[in-house]
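See structure below.
Computed from heavy atoms alone, side chains included, the values below leave out hydrogens, waters and symmetry copies. Naming: A, B, ... by sequence-line order, numbering from 1 per chain.
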Amino acid sequence: MESVTPAKRQKFSGSNNSPTWQEIQAQRQNLPIFPARKRLLHELRQNDSSIVIGETASGKTTQIPQYIYETGMHRNLMIACTQPRRVAAITVAQRVSQEKGQDVGALVGYCVRFDDTTSEKTKIKYMTDGMLLRESILDPLLKRYAVVLLDEAHERTIHTDVLFGVVKSAQHQRRQRGITPLKIIVMSATMDVDQFSRYFNDAPVLYLEGRQFPVKMMYTCETQSDYQFSALSTIFQIHQEAPPRQDILVFLTGQEEIESMVTAIRDVSKELSDDSSKILALPMYASLPQHLQLRVFQNAPKGTRKVIVATNIAETSVTIRNIKFVVDTGKVKAKTFNPRSGLDMLKVQKTSKAQAWQRSGRAGRESAGTCYRLYTEEDYEALPTNTRPEILRCNLCSVTLQLLALGIKNIAQFDFMDKPSTESIQNAIVQLKLLGAIENTDDNKLTPLGRKMAAFPLDPSLAKVILKAVDFDCLEEILTIVSMLSVESIMHSPASKREEASAVQAKFISHEGDHLTYLNVYRSYKGVSGSKNWCHENFINARNMKTACDIRGQLRDICMKQDMQFKSCGRETAVIRECLAHGFFMNAAELQKDGKYISVASRQPVAIHPSSAIFRCKPSYVIYNELVKTSACYMRNVCVVDPDWIFEAAPNYFKTRPLHT
DNA sequence: GAGCACTGC
């Protein structure tokens, strides 16, 4: 499925009549994929691996698993269809269940984190790619499945990329051992599939037509120096010329830019003459509260043009109907990772051609549309063809631990479609050795500790902290802290009410740092039984608190399976910090005589992030969860430690990195 | 005294 429109949109569509059985079957037969059914099944039957190129709205995601099921090709095993996003797995499973006239969880089910609806009856299973990857650790041959469809393969998420290697190896081993063969079907939206075909032993490529309307491309004559200004004038140019009720989607890079653009559009439209039609500007980005996000799906009042200003969330995750014009600035904010410094950076970059193509497609969903690219055609030609796959630009610690748990010892020899640099693989192995997850030999053998760590859906450092908590009798507290660290922004302070927010939140602050502050928030939250009202009064994000509680439950279950001792340290909170040091000793910083911090690992200057609970404090030693480079190198989620603790956590590590105590 | 794209287990 190319995209997902939140199910809640139906609330605004005015009709809640569910279609009849006949209507559903007619809709199925009306899909572009339907005439290709026979040819498609013939090819899929003939080949162990196939690549399917399906244009937008071809019906491949909902129909192909059903076609396979109807022929019995699955030999009474399951058919898995993976999606990069949870909502997609859920909504597609709901739709396909409806088409089969059954409840979700019977013949058709979905499996995503915290929500597994499958049963013994389930044969068609929609799931997130990360979920299948987790399952493969327990069963590398994927014996429950006869067919695995990897959907949205062009997005190249880190999970899909690892799954490519896992399914290929499972297929090979099953053939050798004479087990039921595994069929692999890779589904992609882009035409650039030579790499997929080559990787899966020259698998045949099947093309499916879609239902996309033509989109007219407009380029600028000159390269624009100020894309925000350029976007603003393009919006009003369209507004003056196009008939009303033809909506515009604008792609920008981030929250701040989007909010100022929305304000600018509102200001300019106030100055328009009264007889010109009205304009309604709406922001759309992931951290926008849900009730504000839903506004983009509502129809604008009669005679009003809707202008949605969005991040790349509107490229794939969210589909807005009735878009006639797309304004593409050609920019995107993306995370970059430097394996040498271990630094994450968010930078505004140029999009790839594939991304530009995806954006322009948003103008041709219901009828022919126009895309205004705010760059020249030559600029476009100079863009990279595809976005760099995630696996080439992120920290590989987690993935490496998972591959080792799968029994793959030689990570550098793993059959990656795009091989990460030797440096980033080596960096991950060094980290895992420091954490004690791998034996200190050359064969990359997992230690018993490492094997246990791999069972947790967490960064290896956090998994290590959980396992260490048993020794410090503080597992209850550590589970809470790790869960709180696994969600974004628990405390929010809107710019307009910043002082009010920090005043009410002052009661949570611990002089021991952010981790203990989170523990205080969690305890207070539990003290009022998770009251939504309490969250509101204290500027606590209720949705994220709920997620943290779900994560805590899942981590607790894993600890139970490992027979770990649940103990609480009560008021003796120092042991919590000592325990944290065992996962984060390599993220230590020390206070210099000049009152500034430098990192122990690289001796580079770092600073406590202004959002930290101990921003103004100057403890001699701190550890931190991550380093973010913006206007300076900021440490986020900071904890006060005793230098003896970090030394004790890894004496060998500090032999070459002396602590100046 | 700073601001943070998007996913996922």
Can you tell me which nucleotide in B:dC6, B:dA2, B:dC9 comes closest to the side chain of A:Ile313?
B:dC6

Within the 4.0 Å heavy-atom criterion, would you say A:Gln255 contacts the bases, only the backbone, or no part of the nucleic acid?
sugar-phosphate

Taking B:dT7, B:dC9, B:dC4 as options, the one with an atom nearest any side-chain atom of A:Ala286 is B:dT7

Under 4.0 Å, counting only non-hydrogen atoms across every strand here, what does A:Arg156 touch: a base, just sugar-phosphate, or nothing?
nothing

Once you apply a heavy-atom cut-off of 4.0 Å, does A:Val112 come out as touching a base, just sugar-phosphate, or nothing?
sugar-phosphate

Among B:dC4, B:dC9, B:dC6, which is the nearest nucleotide to the side chain of A:Met131?
B:dC9

Go through the structure and list residues passing ring pair (Phe, Tyr, Trp, His ring centres under 6.0 Å) with A:Tyr227, not counting sequence neighbours.
none

Could you state the atom-to-atom distance from CZ of A:Phe615 to P of B:dA2 in whole Å?
7 Å

Roughly, in whole Å, what's the span from CG in A:Asn312 to C1' in B:dC6?
6 Å

In whole angstrom, what separates A:Ile391's CD1 from B:dC6's P?
23 Å

Please identify each residue that fulfils ring pair (Phe, Tyr, Trp, His ring centres under 6.0 Å) with A:His515, with sequence neighbours left out.
none

Do the side chains of A:Asp557 and A:Lys561 get close enough for a salt bridge, i.e. N-O under 4.0 angstrom?
no

Does A:Ala334 or A:Gln554 map to a spot on DNA chain B nearer the 5' end, using the closest nucleotide for each?
A:Ala334

To the nearest angstrom, the CZ-C1' distance between A:Arg85 and B:dA5 comes to 14 Å

For A:Glu256 and for A:Asp459, locate the closest nucleotide of DNA chain B by heavy-atom distance; then report the residue assigned to the nucleotide nearer the 5' terminus.
A:Glu256

Under a 4.0 Å N-O cut-off, is there an ion pair linking A:Glu135 with A:Lys125?
yes

Provide, to the nearest angstrom, the distance between the CG atom belonging to A:Asn541 and the C1' atom belonging to B:dC4.
14 Å

Base, sugar-phosphate or nothing for A:Phe456? Non-hydrogen atoms, less than 4.0 Å.
nothing

For A:Arg616, report the nucleic acid contact type (base, sugar-phosphate, nothing); a contact means any heavy atom under 4.0 Å.
base

Could you tell me whether a side-chain N or O of A:Gln293 sits under 3.5 Å from a main-chain N or O of A:Ala286, the two making a donor and an acceptor?
yes

Taking CD1 from A:Ile90 and C1' from B:dT7, how many angstroms apart are they, rounded to a whole number?
14 Å

Look at all strands and tell whether A:Thr128 reaches a base, only sugar-phosphate, or nothing, counting heavy atoms closer than 4.0 Å.
sugar-phosphate

From CD1 of A:Ile490 over to P of B:dC4, roughly how many Å is that when rounded to an integer?
20 Å

Determine yes or no for a side-chain-to-main-chain donor-acceptor pair under 3.5 angstrom, with A:Asn587 supplying the side chain and A:Tyr624 the backbone.
yes

It should be established whether A:Arg86 places a side-chain nitrogen or oxygen under 4.0 Å from OP1 or OP2 of nucleotide B:dC9.
yes

Does a side-chain N or O from A:Thr311 land closer than 4.0 Å to OP1 or OP2 of B:dC6, or not?
yes

From CZ of A:Phe114 over to P of B:dT7, roughly how many Å is that when rounded to an integer?
16 Å

